[in-house]
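Worksheet: one structure, shown below.
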Amino acid sequence: MASTRIPDVESRGELSPQDTRNAAEFVELLRRLKDQSGLTYRQIEERAAASGEVLARSTLADVLGGRTAPRQELLSAFVRACGDGERATLWLHAWNRVTGNQAAEAAQAELAPRPVSPPLVDRRRGMRIMLLSAAACLALTALAWTLTSFDKPAGNSAAGRSTKPAPVDDGLTLPSGWIRIRPTTAPDLCLTDGRVQDRRYTPLVAVQRPCDEVAPQGTVLEPMGKETYRIQWHHPDYGKGCLKAWARGEAAGLLEPMDDCDEGSRFHIEPSGTYGGGTYVLRVAGQGCVGIRGSGASEGIEAVMGRCLGKDGQVFFIESAS
């Protein structure tokens with residue numbers, strides 16, 4: 001497959017969407033626009049929200065990663081949030097042009113034999129793979145993507161995870177490397193990112209979802225001393241984030257991954273006396289304990305802070321993810 005040509009930059013420093021020849025080049029230019037803005041996914045999402053627009057960072061990451069085509073309203077919101085709102089119409093025209101061209105190319109490609117695409121591999125093994133099926137890419141608006149591994153915490157094995165328990169300063173023995181946090185009330189589900197079910201809060205927060213759907217996100221416990229830990233989430237699109245338990249505002253009671261880990265909460269991980277070995281309570285000083293809302297066992301229920309009870313939805317398994 002030919003490499004993606006990066007369109008020229010005009011003399012005044014503006015990117016030139018009108019020069020893109022196909023959807024792959026256009027998406028590459030969107031990535032360049034984000035890089036030039038200096039904004040994180042979270043900051044772009046917040047800028048859009050301040051203007052009354054919904055621009056979920058998970059959806060934006062899928063667009064910039066080439067996994068889905070941008071809707072016109074998302075494209076407009078993204079361009080405005082990145083500071084190029086005066087040329088939003090130019091971006092929209094360019095996108096409509098390249099996708100129109102590729103519709104014709106895709107129709108022609110249907111007449112040609114389709115090459116076989118290579119199998120996908122585990123994103124955590126650090127391998128980067130380009131899907132080679134040109135016809136299939138054109139049929140999907142020629143959006144090529146690269147499956148990118150994400151940084152692994154120090155001390156992990158070559159396979160990407162370490163199962164060796166590491167003693168810590170509070171006398172607990174917790175697994176090091178990639179871990180899973182599972183509520184005892186729904187042991188087939190794991191704590192990971194998702195959306196608040198009633199949509200009262202737009203950013204990603206901690207929810208329970210099937211453990212086999214958590215990848216490629218990984219979870220790590222970072223010892224912070226004095227019997228506390230930060231809960232790190234590593235994701236190939238969002239990077240590293242640390243969970244923060246919000247005490248006030250519209251997100252009060254929810255747990256949200258913060259790009260700046262210095263903003264993350266410190267969690268006391270305390271053995272549960274109710275459920276025996278391998279189960280723990282996660283407490284934040286002055287805010288109570290982490291629990292699954294209503295101790296529900298359904299997929300998608302969010303984790304919330306509440307008065308420490310030490311039972312039901314406030315008790316979690318913590319184990320190696322390998």
Side-chain angles (χ1 to χ4, degrees), residues 1-41 43-45 47-48 53 55-112 114-118 120 123 127-150 236-239:
M1 174 181 293
S3 59
T4 300
R5 178 182 67 95
I6 299 177
D8 295 334
V9 178
E10 297 176 3
S11 59
R12 53 179 174 168
E14 293 178 339
L15 299 174
S16 305
Q18 68 274 15
D19 292 339
T20 55
R21 300 172 300 182
N22 52 50
E25 289 184 1
F26 187 90
V27 172
E28 174 62 28
L29 211 63
L30 291 180
R31 288 193 285 265
R32 289 272 301 276
L33 180 62
K34 176 185 178 295
D35 292 342
Q36 285 191 2
S37 74
L39 300 172
T40 64
Y41 283 101
Q43 290 169 331
I44 293 173
E45 182 181 56
R47 278 196 175 191
E53 298 175 305
L55 182 57
R57 53 181 169 157
S58 57
T59 304
L60 178 58
D62 284 341
V63 169
L64 298 188
R67 288 180 290 279
T68 187
R71 302 185 311 276
Q72 290 203 356
E73 59 271 23
L74 180 145
L75 179 57
S76 297
F78 172 72
V79 170
R80 283 192 287 270
C82 289
D84 203 14
E86 293 182 355
R87 300 197 308 153
T89 301
L90 178 64
W91 285 91
L92 288 172
H93 285 329
W95 174 246
N96 290 335
R97 174 179 54 78
V98 298
T99 52
N101 290 342
Q102 287 182 345
E105 294 174 3
Q108 294 178 1
E110 291 296 325
L111 303 177
R114 295 176 181 269
V116 178
S117 298
L120 302 182
R123 278 182 265 196
M127 297 184 67
R128 302 170 60 88
I129 296 181
M130 182 71 70
L131 296 180
L132 300 181
S133 175
C137 288
L138 289 173
L140 294 173
T141 66
L143 292 178
W145 66 86
T146 301
L147 299 178
T148 309
S149 66
F150 50 93
D237 292 323
Y238 311 142

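Quick caveat, the model's predicted, so the values are computed rather than measured.
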Handout entry: Stepwise side-chain contact (heavy atoms from CB on, under 4.5 Å) test for L64 and K34
Key = CA-CA 9 Å; L64 298 188; K34 176 185 178 295; 3.6 Å; yes
Handout entry: Shortest non-hydrogen contact from A94 toward P17
Key = CB-O, 3.3 Å
Problem - All side-chain contact (heavy atoms from CB on, under 4.5 Å) counterparts of L92, not counting sequence neighbours - result: Q72, L75, S76
Exercise for the section: Return the minimal non-hydrogen interatomic distance between L74 and L55, and the atom names on each side. Expected result: CG-CD1, 3.5 Å
Practice task
Mind checking side-chain hydrogen bond (donor to acceptor under 3.5 Å, both in side chains) for R47 and listing every partner two or more places apart, or none if nothing turns up?
Solution key: none
Practice task
Applying side-chain contact (heavy atoms from CB on, under 4.5 Å), name anything that partners T40, two or more places apart in sequence or on another chain.
Solution key: R42, Q43, D259
Practice task
Would you give the length of the straight line joining atom CH2 of W91 to atom CG of L15, rounded to the nearest 0.5 angstrom?
Solution key: 5.0 Å
Handout entry: Check: V79 main-chain N/O paired with R87 side-chain donor or acceptor under 3.5 Å
Key = no
Problem - Spatial distance of atom SG (C82) from atom CG (L39) [nearest 0.5 Å] - result: 6.0 Å
Handout entry: Step-by-step side-chain contact (heavy atoms from CB on, under 4.5 Å) determination, T20 to R97
Key = CA-CA 9 Å; T20 55; R97 174 179 54 78; 3.5 Å; yes
Problem - Plane angle bin for F26 and W95 - parallel if under 30°, tilted between 30 and 60°, otherwise perpendicular - result: tilted
Problem - R80 versus G85, closest heavy-atom pair with distance - result: CG-CA, 3.6 Å
Problem - Spacing of D84 atom CG and E86 atom CD [to the nearest 0.5 Å] - result: 8.0 Å
Exercise for the section: Quick one: pull up CD in E25 and CG in N22 and give me the separation to the nearest 0.5 Å. Expected result: 4.5 Å
